[in-house]
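The analysis underlying the following values was restricted to heavy atoms, covering all of them including side chains, and did not include hydrogens, waters or symmetry mates. Quick caveat: nothing in here was measured; it's all calculated off a predicted structure. Counting convention: from 1, in listed order, for ligands and their atoms alike. Residue numbers count from 1 along this sequence.
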Amino acid sequence: MEEQHYYRDTWAEIDLDKISRNLKRIKDYIGDKTDIIAVVKADAYGHGALETAEAALEAGASRLAVAFLDEAFALRQAGVRSPILVIGASRPEDAALAAKQEIALTVFQAEWLEKAAKCMDSAVPLAVHLKVDTGMGRIGIRHIEELKDAETILMDNGIFTFEGIFTHFATADENEEGYFDEQLSKFKHFISALDNQPPLVHCSNTAAALKRSDAKFNAVRIGISMYGLSPSPEMKQAIPVKLEEVFSLHTQVAHVKKLEKGDKVSYGATYEASGDEWIATLPIGYADGWIRRLQGQEVLVDGKRCPIVGRICMDQCMVKLPFEVKVGTMATLIGTQEEEQVTVDEIADKLETINYEVPCLISYRVPRVFRKDGRITSVKNRILQGFND
Ligand SMILES: *Cc1c(COP(=O)(O)O)cnc(C)c1O
């Protein structure tokens, strides 16, 4: 059976041209002297890591970042040759494997380097980025002495190359910049304590890269804006480049029926028709990441907003139509139909969360269909790939 297909009427569409345009505009804004590290962790925020990585590299990103080693190995396995940095924690026991595949790791303990050194041989050095914690309170070296210890081991040992130093901001997407400024000055303090300047110094995520030109150093880590989304609602108006939303989600009406007054819909029989009503069943449910909290959310059918009625089931949900439609009519859960649009931000609002979480939430069961130059170029169906190799 071909992996390039799917046999259900629900899919997410990823417009790679938009990734490319978003990234080119960001690159133009940031300027030639700063490297772009495209952040493709979590399967590129649910968009598809391989296809996103290829589009980003083509559009001018020079490096990739992922959260952990498995994500980096998957890219290498798929043939991606560009530099990859793992920005989360890795095990020292896996350092040799990472080195062999030319994957740079993030380190924030001198002890980690000592442990890794024991498991490695000097033939293939490991590229290391030291992470300093300037106020995010997640991972990172917090004191100059620790940083100096790590630097000493890195430099004394032929088995590591000191490739970079970085930190991460906790409040870059907020209007108030006091805490950001504190973090930035701590970062500069750490850098000035080093005897050896590594080739890469980076601290900005999307939010910082798009509003603080004083925090560029020589590389920035770009995630959310590449996907056409704003780092926060408060930054939305101030984003200096045009962004186009990359992710859309669609399904097709599986069944249509007319209810009479008093007829009920879905588990718990909580929804009751107040008169004659047209109801469509959509083949998408909470196991697809279209979670139960989305009850009441509007879905686009025939360019009209139609509310989800009754409880969302594991694989299906029901919407109330303004009129009868044919089985097979396309329904858009995220995206545009005619004059109407449901944005990722609208779904995030409904879920009382951030836009980052929305495409991440759409599960492996929903095939990703990739569009380039206006046509479908590939499909990723993880259900059919499931148990292979
Ligand atoms: C996820 C992540 C980023 C990307 O942030 P965006 O806001 O999506 O641009 C950058 N740096 C680190 C350390 C991250 O974890």
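Considering backbone and side-chain N/O of F166, none are found under 3.5 Å from N/O of ligand 1. An N or O contact shorter than 3.5 Å is missing between A207 and ligand 1 by distance.
Close approach to I224 involves these atoms of ligand 1, each under 4.0 Å from a residue heavy atom: 6 (P), 7 (O), 8 (O), 9 (O). Set against the non-hydrogen atoms of R221, the atoms of ligand 1 under 4.0 Å away are 9 (O), 10 (C), 11 (N), 12 (C), 13 (C). Under a 4.0 Å criterion applied to the non-hydrogen atoms of R138, ligand 1 contributes the atoms 13 (C), 15 (O). When each atom of ligand 1 is checked for a heavy atom of K41 under 4.0 Å away, the hits are 1 (C), 2 (C), 3 (C), 14 (C), 15 (O).
Not counting sequence neighbours, the partners of D288 by the side chain to side chain donor-acceptor pair (under 3.5 Å) test are R8, R365. For the side chain to side chain contact (heavy atoms under 4.5 Å, CB included) test, residues two or more places apart in sequence or in another chain that qualify with D94 are L69, R91.
In summary, the side chains of R221 and H202 do present a donor paired with an acceptor at a separation below 3.5 Å, with no hydrogens or angles considered. Counted by atom type alone, S248 and H250 present one or more donor-acceptor pairs between their side chains at under 3.5 Å. In the model, Q297 has a side-chain atom that pairs as donor or acceptor with a side-chain atom of E346 under 3.5 Å. A donor atom on one side chain and an acceptor atom on the other are found under 3.5 Å apart for E151 and N196.
Proximity of I87 to ligand 1, defined as any heavy-atom pair under 4.0 Å, is confined to the side chain (atoms from C-beta onward).
Judged purely by atom type and a 3.5 angstrom limit, T161 has no side-chain atom pairing as donor or acceptor with the backbone of E163. Between the H189 side chain and the F187 main chain, no donor and acceptor come within less than 3.5 Å of each other.
Here the heavy atom of the protein found nearest to atom 9 (O) of ligand 1 is T206 OG1, 2.6 Å. Annotation: atom 7 (O) of ligand 1 to nearest protein heavy atom, Y356 OH, 2.6 Å. Nearest protein neighbour of atom 13 (C) of ligand 1, counting heavy atoms only, is H168 ND1, 3.5 Å. The closest protein non-hydrogen atom to atom 5 (O) of ligand 1 is N205 CB, 3.6 Å. At the top of the distance list for atom 8 (O) of ligand 1, counting protein heavy atoms only, stands Y45 OH, 2.6 Å.
Between Y6 and W11, the ring-plane angle classifies as tilted under the 30° and 60° cut-offs.
K131 does not count as a contact of ligand 1, since none of its heavy atoms falls under 4.0 Å from the ligand.
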